[in-house]
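What follows is a single structure, written as structure tokens, with notes after it.
Every heavy atom of this structure was used, including side-chain atoms; hydrogens, water molecules and symmetry mates were not. Predicted model only: the values in this text are computed from it and were never measured.
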Amino acid sequence: MTRKTFPRPTPIVYARGDGIGPEIMDATLKILEAAEAELDLHEIEIGQKVYERGVTAGIEPESWDVLRRTGVFLKAPITTPQGKGFKSLNVTTRKSLGLFANVRPCRSYHPFTRSLHPGMNIVVIRENEEDTYAGIEHRQTQEVTQCLKLISRPGCEKVVRYAFDYAERSGRRKVTCMSKDNIMKITDGLFHRVFDEIAADYPDIENEHMIVDIGSALVADSPEQFDVIVTPNLYGDIISDIAAQVAGSVGLAGSANIGESAAMFEAIHGSAPAIAGKNIANPSGLLHGAVMMLMHIDQTEVAERVRNAWLRTIEDGVHTADIRLADNLNPVVGTDAFAQAVIERLGDAPRRIRSASFGHGHEHAAPPVRPKQEKAIVGVDVFLDWDEPGRSPDALGESLSRVDGDGLKLKMITNRGVKVYPGGLPETFCTDHWRCRFVADADGATVSHAQVISLLGRVAEAGFDFIKTEHLCTFDGEIGYSLGQGE
Ligand code: NAD
């Protein structure tokens, strides 16, 4: 895959943010300058002051132009205003700029800082745009609500390839995919399948798949066994918080949001208003965001220099109050003094913690163009809101069978995915939400849109309240829908 190239000096947009934001941004920029990062810096304003001017997005419209032009954003934390009407700047930026991957390294700096897992050093890469986070939800009946989980092939391809590229460039040896494809065979199954396909392009990097429940338990219990984890949005949201927490580095971690034409880098902590303006905040989280930014813009030597100087500073016991252990007899330092200590160590390597060594990755052949698949409709699921006394599936099935005709026949009814007609069990609890599967009444026959519309007409005429339909499709003859439990 052709990677984007960046001019030198690289245009960067930065924002000082709120609370401790300005202090930690100044400290970070001072270190980057001393490390001779080649940056062409442009400042924009975000956060509280912008919200107070009545701009509900927290960022002025003209700032988007600068952001889109430069494509690289180093962002200090902001204070998110309480109350309705304000939009989360992070969510807006992620969605507007198409930032498809969230990258969060979580590691322990034992014995210099507190950690439950001394040997832990993992990176969680979370898909950022799809899954249940598309925000498509509906209340469909009195009792039943629904959230659509959307997983696309291009969405999977982008994030999985990014994970392998990241592993290659950061000298990591293994990528673990986590999904729940034993249950969600089509959506999570696609994520897993794409992972297997792309893994084949990276023979030097180990790959494995884990079911997300046991996988997350292992992240909490023995994270030393992981290196890079790639996973869909919802699982990634949870796993990245577990990982940051058990690493003990919540205050030290940076994160990146990566898109095809833009990327945003930040600390994972917030604006810490209680300690703002006191010169005591730890700038390490934002500095780690900046190190990821340097890797992203291919200034890897500078990234290594900054990272190694930071590791050496931590090893030398120069700590801000938030991470200082009781047995550290060195004086506590503030934000400026910590930054100065890192600057003094530029060019040094850590003595005990493995030093950072970033690579450049390889160009990979463009993915094959996929031929368009032959799509055919072979049936339709009609969802009903039906709440007759007794909620008898047999009664529903018998009256609904009367709408059979015009090439379609009722095959089964499920309630919350469990087959209840024909031949259901009386013990199965039924809600007021029924999925009624109609299929072509001749083997191998396909179904037209007109047949589906005519079926819906008959369903409505018979007095049923249909909520929605889902076509049952095949793609090159392969079934593209799940079977009901017990079907
Ligand atoms: P927080 O991360 O700001 O603070 C949690 C605790 O950690 C506090 O005790 C704080 O003093 C401490 N802390 C955080 N960063 C520190 C640092 N660099 N050095 C030393 N101590 C540090 O979380 P919060 O209090 O829940 O949120 C405060 C504000 O930040 C809220 O308005 C929240 O919405 C916002 N926030 C913004 C972002 C972002 O912009 N990306 C992320 C999270 C929270």
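Within 6.0 Å of CD in Glu36 there are 12 or fewer heavy atoms belonging to other residues, nucleotides or ligands. No more than 12 heavy atoms of other residues, nucleotides or ligands shown are found within 6.0 angstrom of CD on Glu33. Around the CD atom of Glu478, the shell of radius 6.0 Å holds no more than 12 heavy atoms that belong to other residues, nucleotides or ligands. In this structure, Glu43 places its CD atom where more than 12 heavy-atom neighbours from other residues, nucleotides or ligands lie under 6.0 Å away. Summarising the local packing, CZ of Arg352 is surrounded by 12 or fewer heavy atoms from other residues, nucleotides or ligands at distances under 6.0 Å. Environment of NZ in Lys468: crowded, with over 12 heavy atoms of neighbouring residues, nucleotides or ligands closer than 6.0 Å.
At a threshold of 4.5 Å between non-hydrogen side-chain atoms, the residues Val306 and Ile31 count as touching. Between Ile214 and Leu218 the shortest side-chain heavy-atom distance falls below 4.5 Å. Put simply, the side chain of Phe226 reaches to within 4.5 Å of the side chain of Val219, judged on heavy atoms. By the 4.5 Å heavy-atom criterion applied to side chains, Leu294 and Thr300 are not counted as neighbours. Within the 4.5 Å cutoff, the side chain of Ile239 has heavy atoms near those of the Met178 side chain. Counting heavy atoms from C-beta on, the side chains of Ile377 and Leu472 never come closer than 4.5 Å. Between Lys149 and Asp188, some side-chain heavy-atom pair lies under the 4.5 Å cut-off. Annotation: side chain of Ile258 is in contact with side chain of Val103 (closest heavy-atom distance under 4.5 Å).
A side-chain donor-acceptor contact under 3.5 Å links Asp322 and Asn282. A side-chain donor-acceptor contact under 3.5 Å links Asp237 and Tyr133. Judged purely by distance below 3.5 Å, without hydrogens or angles, the side chains of Asn102 and Arg94 never pair a donor atom with an acceptor atom. Using modelled atom types and a 3.5 Å distance limit, the side chains of Tyr202 and Asp165 yield a donor-acceptor pair. In summary, the side chains of Trp310 and Ser284 do present a donor paired with an acceptor at a separation below 3.5 Å, with no hydrogens or angles considered. With no hydrogens or angles considered, a side-chain donor-acceptor pair links His209 and Ser179 at under 3.5 Å. Between the side chains of Gln140 and Thr145, no donor-acceptor pair of N or O atoms lies under 3.5 Å.
Not a single donor-acceptor pair under 3.5 Å links the side chain of Asp18 to the backbone N or O of Gly47. Formation of a donor-acceptor pair under 3.5 Å by the Glu23 side chain with backbone atoms of Gly277 is found in this model. A donor-acceptor pair under 3.5 Å links the side-chain atoms of Lys185 to the main chain of Asn182, judged by distance alone. Checking side-chain atoms of Asn328 against main-chain N and O of Arg324 turns up no donor-acceptor pair under 3.5 Å. No donor-acceptor pair closer than 3.5 Å links the side chain of Asn128 to the backbone N or O of Phe100. Put simply, the side chain of His42 never gets that close to the backbone of Ile12: no donor and acceptor are under 3.5 Å apart. Of the possible polar contacts, one joining the Ser115 side chain to the His117 backbone as a donor-acceptor pair under 3.5 Å is found.
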### Trace of the salt bridge (charged side-chain N to carboxylate O under 4.0 Å, His left out) decision for Asp40 with Arg8
CA-CA 8 Å; Asp40 170 19; Arg8 303 263 180 117; over 6 Å; no
### Stepwise ring pair (Phe, Tyr, Trp, His ring centres under 6.0 Å) check, Tyr14 with Phe265
CA-CA 9 Å; Tyr14 72 100; Phe265 303 86; over 10 Å; no
#### Entry: ring pair (Phe, Tyr, Trp, His ring centres under 6.0 Å) evaluation trace for His433 with Phe383
CA-CA 7 Å; His433 182 271; Phe383 290 76; 5.7 Å; yes
### Message
Please determine whether salt bridge (charged side-chain N to carboxylate O under 4.0 Å, His left out) holds for the pair Glu60 and Arg53, giving the CA-CA distance in whole Å, both sets of side-chain angles, and the decisive distance to 0.1 Å.
### Response
CA-CA 10 Å; Glu60 297 283 1; Arg53 289 202 288 270; 2.8 Å; yes
### Query
What do the steps show when you test Asp201 against Arg161 for salt bridge (charged side-chain N to carboxylate O under 4.0 Å, His left out), and what is the final call?
CA-CA 9 Å; Asp201 291 344; Arg161 190 162 292 281; 2.8 Å; yes
### Message
Assess the residue pair Arg305 and Glu301 against the criterion (salt bridge (charged side-chain N to carboxylate O under 4.0 Å, His left out)); give the C-alpha distance rounded to whole Å, side-chain angles, the decisive distance to 0.1 Å, and a yes or no.
### Response
CA-CA 6 Å; Arg305 206 175 314 140; Glu301 318 73 36; 5.8 Å; no
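Contact detail for Val230 and Val160: the closest heavy-atom pair is CG2-CA, 4.3 Å. Across all their heavy atoms, Ala281 and Ile24 have their closest contact at CB-CG2, 3.9 Å. For Thr79 against Ser271, the heavy-atom pair with the smallest separation is OG1-OG, 2.8 Å. Closest non-hydrogen pair, Ala303 versus Met295, comes out as CB-CG, 4.0 Å. Residues Tyr51 and Leu89 approach most closely at OH-N, 3.6 Å, considering heavy atoms. Annotation for Glu130 and Leu150: closest pair CB-O, 3.1 Å, computed over non-hydrogen atoms.
Residue pairs meeting the side chain to side chain donor-acceptor pair (under 3.5 Å) criterion with at least one member in residues 67-76, sequence neighbours excluded: Lys75-Asn90, Lys75-Glu266.
Put simply, CG on Leu116 and OG on Ser108 are 9.5 Å apart, with the number rounded to the nearest 0.5 Å. Going from atom OG of Ser482 over to atom CE of Met184 covers 11.0 Å, rounded to the nearest 0.5 Å. One distance of note links SG of Cys177 with CG of Asp181; it measures 7.5 Å at 0.5 Å rounding. How far CD of Gln373 is from OG1 of Thr474: 10.0 Å, rounded to the nearest 0.5 Å. For the atom pair CD1 (Ile467) and OG1 (Thr141), the distance works out to 6.0 Å, reported to the nearest 0.5 Å.
Under 4.0 Å is where a charged nitrogen must lie from a carboxylate oxygen, and between Arg153 and Glu197 at least one such pair does. Ion pairing between a basic and an acidic side chain is recognised when a charged N comes within 4.0 Å of a carboxylate O; Asp241 and Arg104 show such pairing. Using a 4.0 Å cut-off between a side-chain N of Lys or Arg and a carboxylate O of Asp or Glu, Lys174 and Glu208 qualify as a salt bridge.
When each of Tyr166, Phe6, Phe358 is tested with His296 by the rule ring pair (Phe, Tyr, Trp, His ring centres under 6.0 Å), just one qualifies, namely Phe6.
Between His288 and Tyr109, the angle of the ring planes stays under 30°, which puts this pair in the parallel group of the 30/60° scheme.
Both tests do not hold together for Arg126 against Tyr162: distance to the six-membered ring centre under 6.0 Å, angle to the ring axis within 45°.
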Show me the donor-acceptor pairs within less than 3.5 Å that the side chains of residues 336-351 make with the rest of the protein, sequence neighbours left out.
residue, atom, partner, partner atom, Å
Arg345, NE, Asp316, OD2, 2.7
Arg345, NH1, Ala341, O, 2.9
Arg345, NH2, Asp316, OD2, 3.2

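Contacts of His110 classified as ring-ring contact (aromatic ring centres under 6.0 Å, His included), with partners at least two apart in sequence or in another chain: none.
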